Asks: 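Pasting a structure below so you can have a look.
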Amino acid sequence: MNVLIVDDDFFITTALKTILETDPEITVCGTGLDGRDAVSLWESLTPDVLLMDIRMKELDGLAASSKILARDPAAKILLLTTFLDDEYIIQALKIGAKGYILKQNYDSIIPALKAVYSGQTVYGSEITQKLPSLLDAAHRPEKDASSLWEEQEISPRELEIIRLVSQGLSNREIAQQLYLSEGTVRNYLSTILDKLKLRDRTQLAVFYLTL
């Protein structure tokens, strides 16, 4: 796995490179100091995963991620931060980053990179604990099948599933609540994601909650 590291602190970049290269499955193919480096190095090096800080001068990690994903929607980006900020988390989810973990949790970085490389979406334990509150729609005004859903041809049943996804329910829990099979729920989700041009259930939840 080729990994590109981008962080505006040279010492952190060096430390991350040292940590990653203890794993024989990981090669650090390049390093950068800001978001502009991230964009240009992504194009020239085509790494498997980009490991990038969020808070950087000139062009931050979220802005750089947006630029990269606009050009390469399949890009796998794992964001690092020392700040457990709700707004950062929501933005990372919305732009399609594959992970968001705290920089100080060094032990979790290699497993997170491997998970992102394999196609998973990863969030650190501290962030995972916050997700239910961020994705909890129970206290928000109920959304009807308005013109937006009609324009996207979202059926009442599909909207019901979207609501349950936004509340953090798993496929099994949704299936039990709606008296459907898990396979049927998976099929519904696949159709919904295709209609809304979204990548995964996390983006679907954010889409619903930020309308």
Side-chain angles (χ1 to χ4, degrees), residues 1-85 87-124 126-128 193-194 196-204 206-207 210:
M1 170 176 40
N2 290 320
V3 177
L4 169 63
I5 301 173
V6 177
D7 193 298
D8 62 355
D9 188 321
F10 174 77
F11 294 104
I12 289 179
T13 300
T14 302
L16 289 171
K17 185 174 186 295
T18 301
I19 291 169
L20 298 190
E21 290 185 336
T22 62
D23 191 305
E25 297 179 6
I26 296 176
T27 299
V28 176
C29 62
T31 61
L33 293 174
D34 62 28
R36 293 175 302 180
D37 287 344
V39 175
S40 61
L41 289 172
W42 180 270
E43 293 182 349
S44 61
L45 298 176
T46 60
D48 294 309
V49 183
L50 168 58
L51 180 64
M52 178 164 55
D53 187 24
I54 286 182
R55 295 192 66 169
M56 296 184 290
K57 297 178 181 179
E58 303 299 336
L59 190 68
D60 67 31
L62 290 168
S65 295
S66 294
K67 288 180 178 290
I68 291 169
L69 287 163
R71 301 177 187 180
D72 182 3
K76 295 176 179 178
I77 302 172
L78 176 61
L79 294 169
L80 288 170
T81 185
T82 56
F83 300 90
L84 195 59
D85 186 285
E87 184 60 29
Y88 283 159
I89 296 170
I90 289 295
Q91 287 186 51
L93 291 168
K94 289 177 71 175
I95 64 177
K98 290 298 183 183
Y100 181 115
I101 61 176
L102 294 181
K103 191 180 295 185
Q104 52 267 41
N105 293 346
Y106 287 111
D107 290 344
S108 67
I109 293 175
I110 289 178
L113 279 170
K114 290 184 176 181
V116 168
Y117 178 59
S118 70
Q120 299 177 49
T121 301
V122 178
Y123 292 90
E126 300 90 347
I127 294 159
T128 302
L193 293 173
D194 184 61
L196 298 177
K197 308 301 181 187
L198 299 173
R199 288 198 189 98
D200 52 42
R201 65 192 300 121
T202 306
Q203 281 198 332
L204 177 61
V206 173
F207 177 82
T210 54

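Just the heavy atoms: all of them, side chains too, but no hydrogens, waters or symmetry mates, feed the values below. Keep in mind that what you see is a predicted model, and the values were worked out from it rather than measured.
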Asks: For the residue pair G30 and L45, what are the closest heavy atoms and their distance?
Replies: CA-CD1, 3.9 Å
Asks: Which value, rounded to the nearest 0.5 Å, describes the distance between D48 atom CG and L113 atom CG?
Replies: 10.5 Å
Asks: Of all the heavy-atom pairs spanning W42 and L4, show the shortest one and how long it is.
Replies: N-CD2, 4.0 Å
Asks: Knowing that exactly one of D37, L51, T13 qualifies, which makes a side chain to side chain contact (heavy atoms under 4.5 Å, CB included) with D7?
Replies: T13
Asks: Calculate, to the nearest 0.5 Å, the distance between atoms CG and CG belonging to L16 and L80 respectively.
Replies: 6.0 Å
Asks: So, K114 and D23, do they make that salt bridge, N to O below 4.0 Å?
Replies: yes
Asks: One pair to check against side chain to side chain contact (heavy atoms under 4.5 Å, CB included): K98 and Q120. What are the steps and the verdict?
Replies: CA-CA 7 Å; K98 290 298 183 183; Q120 299 177 49; over 6 Å; no
Asks: With a 4.5 Å heavy-atom cut-off, do L78 and Y100 have their side chains touching?
Replies: no
Asks: Between CG of L20 and OG1 of T22, what distance do you get to the nearest 0.5 Å?
Replies: 7.5 Å
Asks: Is there a side-chain contact between L50 and V6 in this structure, where contact means two heavy atoms from C-beta onward sitting under 4.5 Å apart?
Replies: yes
Asks: Taking all non-hydrogen atoms of both residues into account, name the closest pair between V28 and E21 and its distance.
Replies: CB-OE2, 3.7 Å
Asks: What's the shortest heavy-atom distance between G35 and M56, and which atoms?
Replies: N-CE, 3.6 Å
Asks: Please test L62 against L79 for side chain to side chain contact (heavy atoms under 4.5 Å, CB included), starting from the C-alpha separation and ending with a verdict.
Replies: CA-CA 8 Å; L62 290 168; L79 294 169; 3.9 Å; yes
Asks: To check you understand the geometry: which heavy-atom pair defines the closest contact between M1 and V49, and what is its length?
Replies: SD-CG2, 3.9 Å
Asks: Could you walk me through whether I19 and I110 satisfy the side chain to side chain contact (heavy atoms under 4.5 Å, CB included) test, starting with their C-alpha distance in whole Å, then the side-chain angles of each, then the deciding distance to 0.1 Å, before giving a yes or no?
Replies: CA-CA 8 Å; I19 291 169; I110 289 178; 4.2 Å; yes
Asks: Given side chain to side chain contact (heavy atoms under 4.5 Å, CB included), test I109 with I101 step by step and report yes or no.
Replies: CA-CA 8 Å; I109 293 175; I101 61 176; 3.9 Å; yes
Asks: Working to the nearest 0.5 Å, report the span between CZ of R71 and CG of L69.
Replies: 11.5 Å
Asks: Which heavy atom of M52 sits nearest to which heavy atom of I77, and what is that distance?
Replies: CE-CG2, 4.2 Å
Asks: Please report the interatomic distance CD1(I54) to OG(S65), rounded to the nearest 0.5 Å.
Replies: 8.0 Å
Asks: Side-chain contact test, heavy atoms from C-beta onward, threshold under 4.5 Å: evaluate it for K67 versus L59 and give yes or no.
Replies: yes
